[in-house]
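Written out below as structure tokens is the structure these notes cover.
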Amino acid sequence: MLNIDLHCHSTVSDGLLAPAAVAARAKHNGVDVWALTDHDEVDGIVEARAAAKMLDLEFVAGLEISITWGGETVHIVGLQIDETNHALLEGLAATRNGRERRAHEMAAQLAAVGIPDAFQGALKFVGNPDLISRTHFARYIVELGVCPDIPGVFSKYLIEGKPGFVPHRWASLAQAVSWIHGAGGTAVMAHPGRYRFNDLQRDAILDEFIQLGGAAIEVITGSHTEAQYAIWAKIATQFGLRGSRGSDFHGPGESRVDLGALPPLPASVTPVWADWGL
Ligand code: AMP
Ligand code: MN
Ligand code: MN
Ligand code: MN
């Protein structure tokens, strides 16, 4: 059985390794088919593809788009995209726009609770100035010794209701799916078990996603517990959606799950890659 990992990050967004280093780690971990899916940005794809080719690793061009749905931030992964597509690039530039302003507001709010200079501090961890994210703030706050680890920073400072959280309106679900489709790609809802939706809201977003032509949801992801693997496998089947598998690896020592290390997709689920000729 092929080891397929269709979700991870590089320094182009909030990962710790450069795209070529992520490729090398995927290969070393026994991954056969690998997608790089940086947040709201495709800049790492050329380097990732070249590195994968040298390593004889099957490469899938991808990304992870931030959207707002029902007041909640949701992530939509695009796979097998043409990263040069104009409408996609324009849409991503628009959705990245505003991250810097949000970061300045976050820094002001953090200063008010005793964490000064967080904008400059976070910036030290940023690989791509267009893509300052909460993860970069979290790394800085760990460095300060205020919290022992990244999840600790999120729960104390960076999630909704906490002092460093600044609400942000991302793209719409329809926009994200249309950018992915316009670039020839397949749309996959990332880590569906992570959103704070009740059953009605969950069904509504899945229905809308399907209406728009969304193809799959992540079933096996580093964000799901083992109990959630079974739950989301069942939901995928009920909704006629395919399933995907991806570690959501961000970096050594930081991510709970390494590249290629997750269990396989349950046999009951049709894989998103079923018709890729693998
Ligand atoms: P942003 O796009 O700036 O809102 O940052 C979102 C990123 O923060 C996600 O892609 C994750 O990498 C990270 N993240 C979000 N929530 C948590 C959490 N509870 N623990 C650790 N990392 C998180
Ligand atoms: Mn991330
Ligand atoms: Mn995500
Ligand atoms: Mn991710």
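Values in this document were obtained by computation on a predicted structure and should not be read as measured data. Just follow the structure's listing: the first ligand is 1, and inside any ligand the first atom is 1.
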Working to the nearest 0.5 Å, report the span between CD1 of I205 and CG of L173. 5.5 Å
Among S244, P264, P266, which residue satisfies the side-chain contact (heavy atoms from CB on, under 4.5 Å) criterion with I220? P266
Counting backbone and side chain alike, does C8 bring an N/O/S atom below 2.8 Å of the Mn ion (ligand 4)? no
Residue D14 atom name (nearest to the Mn ion (ligand 2); N/O/S): OD2
Give a yes or no on whether the backbone of G182 and the side-chain of N85 come within a donor-acceptor separation of less than 3.5 Å. yes
Rounded distance (nearest 0.5 Å) linking atom CE of M189 with atom CZ of F239: 10.0 Å
NE2 (H39) - the Mn ion (ligand 2) - NE2 (H250) angle, nearest 10°: 120°
Which of the N/O/S atoms in D248 sits closest to the Mn ion (ligand 4)? OD1
Between H9 and H39 (judged by ring centroids, cut-off 6.0 Å), do the two rings come close enough to count as a pair? yes
Restricting to N, O or S, what is the name of the atom of H75 that lies nearest the Mn ion (ligand 3)? ND1
The Mn ion (ligand 4): angle it makes with NE2 (H7) and OE1 (E64), nearest 10 degrees: 90°
